[in-house]
Amino acid sequence: MSKRFPVTPAHPERICWGCDRYCAADSMMCGNGSVATLHPSELFGADWESWGTNPQPPAGAGAETVPVQGAVARIEPPLEQ
């Protein structure tokens, strides 16, 4: 049985999230590469858990949406140089 995955850990940078051992980032026992695997909150932000297979844009975002094979894609205005 696998361990319960913490949604909002206090210090995610101190742990390798690559397997169920949750080793310290500086002493990984599983040999999961040479760099600790990041927690989803480190990669995608604090709201990573609210993302789903059909994400909805925030109300009043002002970005135009276009359906793409059953998903929603955001069209952002071009960046000025």
Side-chain angles (χ1 to χ4, degrees):
M1 184 167 146
S2 64
K3 294 181 183 179
R4 186 169 177 225
F5 190 78
V7 177
T8 54
H11 295 281
E13 70 279 0
R14 295 181 185 174
I15 298 173
C16 175
W17 301 97
C19 68
D20 288 343
R21 293 184 183 183
Y22 301 145
C23 303
D26 58 354
S27 63
M28 296 181 288
M29 295 188 313
C30 65
N32 187 18
S34 59
V35 179
T37 303
L38 300 176
H39 188 273
S41 65
E42 295 177 279
L43 293 171
F44 308 116
D47 63 342
W48 70 272
E49 189 182 26
S50 65
W51 297 5
T53 57
N54 189 14
Q56 300 298 318
E64 187 179 333
T65 60
V66 176
V68 178
Q69 296 180 1
V72 176
R74 292 178 56 118
I75 299 175
E76 299 291 336
L79 297 175
E80 293 183 24
Q81 294 183 5

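The two residues I15 and A36 have their closest heavy-atom pair at O-CB, 4.5 Å.
Scored by the ring-ring contact (aromatic ring centres under 6.0 Å, His included) test, F5 finds W17, H39 as partners (sequence neighbours excluded). A46 meets the side chain to side chain contact (heavy atoms under 4.5 Å, CB included) test with no other residue; sequence neighbours excluded.
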